[in-house]
Amino acid sequence: MKKEYSKIIALHFSPETSRLPMMYNLAKKFDLTFNILKARINPKEEGHMILELSGTEEDYKKGLSYLQEHGVSVQEVAQSISRDEESCLHCGLCTSLCIARALCLDLKTRLVIFDSSKCTACGQCTRICPVNAMHVEINGDF
Amino acid sequence: MSVVFKRTIAEINEKIKKGKAVVLNAKEMARLVREKGKKIAAREVDVVTTGTFSPMCSSGMLFNFGQHPPLIKASKVWLNGVSAYGGLAAVDAYLGVTEPAEDDPLNKVYPGQFKYGGGHVIEDLVRGKSVRLKALAYGTDCYPRKELEKDITLAELKNAILLNPRNCYQNYNCAVNLTNKIKYTYMGPLRPNLGNVNFATSGELSPLFNDPYFKTIGLGTKIFLGGGIGYVIGAGTQHNPGPVRNKRGIPMQPSGTLMVKGDLKQMQARFLRGVSIAGYGCSMAVGVGIPIPILNEEIAWYAGVSDEDIQMPVVDYGADYGQGKSRILKYVTYAELKSGQVEIEGKKVPAVPVTSYALSLEVADLLKKWIESGEFLLTEAQEKIETN
């Protein structure tokens with residue numbers, strides 16, 4: 001049975017690969033669905049992209065290997081964003097700009113829940129958290 | 001035949017000393033009054049503890065940094081590059097929490113980040129960190145020194161008093177943005193076209209919702225302040241004694257305020273946090289908890305206020321507020337806001353808190369623990385705060 005597998009990942013392309021139709025190949029060769037959340041090619045011709053990649057777990061892994069074989073570095077967004085639990089006040093202000101709803105208030109406990117698997121690393125929370133509790137470390141600058 | 005039920009603060013203190021006082025937090029009291037009524041609640045409960053933890057911009061530290069001969073009459077004073085007011089006697093100064101570091105780029109790159117200000121200095125001091133003191137003077141016959149620069153810690157300051165001219169606002173506006181551009185306000189970021197509604201209170205836990213007519217809270221009331229002990233020293237600035245009230249006596253607009261003070265040296269950084277509000281400025285989140293002695297049924301009734309009883313005005317911070325217009329778009333209850341979204345002008349709008357409910361509850365519960373353990377006694381107010 002096929003299982004839907006989905007992750008938000010950050011890709012870093014070297015100048016050599018940034019001109020290749022990698023996304024097209026992912027879809028065509030591995031039957032993966034992609035949703036580009038952010039993309040940029042800098043003046044040095046390096047590419048940065050954040051996308052949500054979905055398919056079966058097997059296809060997802062094959063697709064990821066394909067990217068890595070072609071020199072694309074892959075980083076899971078969930079692993080590159082963090083919250084300083086000591087510092088967080090659980091006020092809830094960050095939820096105002098978290099469109100992905102990775103940060104939301106638990107209505108029972110009134111604590112702010114951070115679901116990193118939903119995070120698109122947009123970085124808005126890092127700019128508005130009053131106590132600077134949110135940190136994003138993503139390859140490349142957006 | 002009904003007997004008028006009464007209890008005095010002295011009686012309550014006797015029970016506290018014996019470890020026999022019955023103390024509820026304001027949330028528990030709301031439930032008790034709802035379920036059993038004020039008569040039973042008044043008889044069963046001695047003290048209700050309230051709590052709030054929110055940015056409170058009208059806060060600061062009055063300090064004396066001691067003389068380091070030759071003597072100085074400091075006229076300009078900085079702590080970690082944040083300017084303090086030095087127009088007081090020799091080495092006295094006042095540091096306000098909204099004062100940004102002198103080299104802060106402010107809103108030059110909008111929205112500004114305001115990474116470090118007076119509130120952050122206070123938090124650093126309470127954490128035991130040393131801060132850079134700089135003082136300048138013009139020099140006099142009696143105070144010849146013209147410059148002083150040294151690292152100093154909270155322990156080394158002669159005095160450090162948290163002295164907040166306006167805290168604990170009784171009710172507050174809920175902020176929305178009716179324009180089509182994002183706005184960065186002291187209520188947080190407001191997305192365009194009613195993208196979100198921001199609110200700042202701890203509702204049924206909030207001190208002044210539990211004593212809406214200042215029947216027990218006044219000058220001299222001993223309180224939880226910043227994780228230590230403090231006192232109410234009167235009405236705060238901008239105190240409005242004559243608000244419009246709903247049927248339960250709850251003001252329908254920002255109204256009562258408190259001026260408070262306490263010795264900073266016994267406070268905890270968990271309850272005094274420097275904050276940076278994007279596009280607006282620096283401030284400090286302050287934890288305040290006020291005990292309410294249940295002296296009679298009427299006081300029990302007011303301390304039993306529920307989230308559903310609290311109505312808050314929704315105001316446009318996109319344009320109206322800055323122009324001094326107080327147009328109220330509608331009233332929403334705190335219970336509605338707590339549900340996560342409210343309907344405004346036909347649109348379901350996500351509700352975003354500015355006040356930490358979790359820490360507000362922690363303040364109320366910590367104060368409850370202090371009273372239950374017998375270490376915190378209540379005081380009689382020495383002067384009433386004006387109210388209608």
Side-chain angles (χ1 to χ4, degrees), chain A residues 8 37-38 40 42-43 50 77 80-138 140-142, chain B residues 27 53-55 111-116 119-120 123 175 177 182-191 195-200 202-203 205 269-271 273-285 287 337-341 349-362:
Chain A
I8 297 172
L37 301 168
K38 219 178 223 180
R40 177 172 182 249
N42 71 16
I50 290 181
V77 164
S80 56
I81 186 138
S82 61
R83 176 168 72 179
D84 181 344
E85 299 296 336
E86 275 293 298
S87 189
C88 174
L89 304 176
H90 292 279
C91 61
L93 206 59
C94 54
T95 65
S96 61
L97 296 188
C98 187
I99 308 300
R101 291 192 59 76
L103 287 157
C104 66
L105 204 65
D106 182 312
L107 294 182
K108 278 225 173 76
T109 62
R110 310 301 295 176
L111 294 173
V112 176
I113 301 165
F114 174 47
D115 181 351
S116 59
S117 69
K118 287 184 185 163
C119 174
T120 62
C122 72
Q124 288 290 354
C125 55
T126 64
R127 285 178 206 117
I128 63 156
C129 172
V131 291
N132 194 26
M134 298 302 299
H135 300 279
V136 190
E137 287 160 42
I138 286 280
D141 65 293
F142 271 101
Chain B
K27 194 181 172 191
F53 185 86
S54 208
Q113 297 192 331
F114 301 95
K115 284 189 172 167
Y116 197 84
H120 298 89
E123 180 185 335
N177 176 10
I182 189 165
K183 299 285 177 181
Y184 292 92
T185 72
Y186 66 81
M187 292 292 285
L190 300 172
R191 286 193 277 131
N196 52 302
V197 51
N198 292 11
F199 61 103
S202 56
L205 285 174
R270 183 166 177 79
F271 302 103
R273 298 290 304 277
V275 297
S276 307
I277 301 169
Y280 164 72
C282 303
S283 187
M284 184 167 71
L337 289 162
K338 242 173 129 188
S339 78
Q341 65 175 20
V349 184
V352 173
V354 180
T355 301
S356 170
Y357 190 88
L359 274 157
S360 300
L361 187 59
E362 197 177 314

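Reminder, nothing fancy here: chain letters follow the sequence lines and each chain counts from 1.
- Going from atom OG of B:Ser356 over to atom CG of A:Leu93 covers 11.5 Å, rounded to the nearest 0.5 Å.
- Heavy-atom distances place no part of B:Leu361 under 4.5 Å from chain A, backbone and side chain included.
- Listed by sequence position, A:Ile99, A:Leu105 are the residues of residues 99-106 of chain A in contact with chain B, using a 4.5 angstrom heavy-atom cutoff.
- Interatomic distance, A:Asn132 CG to B:Gln113 CD, rounded to the nearest 0.5 Å: 8.5 Å.
- In this structure, the portion of A:Leu107 lying under 4.5 Å from any heavy atom of chain B is its side chain and not its backbone.
- Within the 4.5 angstrom heavy-atom criterion, only backbone atoms of A:Cys129 (N, CA, C, O) approach chain B.
- With a 4.5 angstrom heavy-atom cutoff, B:Phe114 does not touch chain A via any of its atoms.
- Partners of B:Glu362 by salt bridge (Lys or Arg N to Asp or Glu O under 4.0 Å), not counting sequence neighbours, listed by chain and number: B:Arg270.
- Both the backbone and the side chain of B:Ser276 come within contact range of chain A, each with at least one heavy atom under 4.5 Å from a heavy atom of that chain.
- Of all residues spanning residues 108-116 of chain A, those with a heavy atom less than 4.5 Å away from chain B's heavy atoms are A:Arg110, A:Leu111, arranged by number.
- Between chain A and the residues B:Pro189, B:Ala285, B:Gly188, B:Pro111, the most heavy-atom pairs under 4.5 angstrom are made by B:Pro189.
- Side-chain N or O atoms of B:Arg273 include none that pairs as donor or acceptor with a backbone N or O of A:Cys88 at under 3.5 Å.
- In this structure, no portion of B:Pro350 lies under 4.5 Å from any heavy atom of chain A.
- Side-chain contact check for B:Leu359 versus A:Cys91: every heavy-atom pair is 4.5 Å or farther apart.
- Inter-residue side-chain proximity for B:Asn196 and A:Leu97 is flagged as unmet; no heavy-atom pair is nearer than 4.5 Å.
- Contacts between B:Ser339 and chain A at a heavy-atom distance below 4.5 Å involve the backbone alone (N, CA, C, O).
- A:Arg83 pairs by the salt bridge (Lys or Arg N to Asp or Glu O under 4.0 Å) definition with A:Glu85, not counting sequence neighbours.
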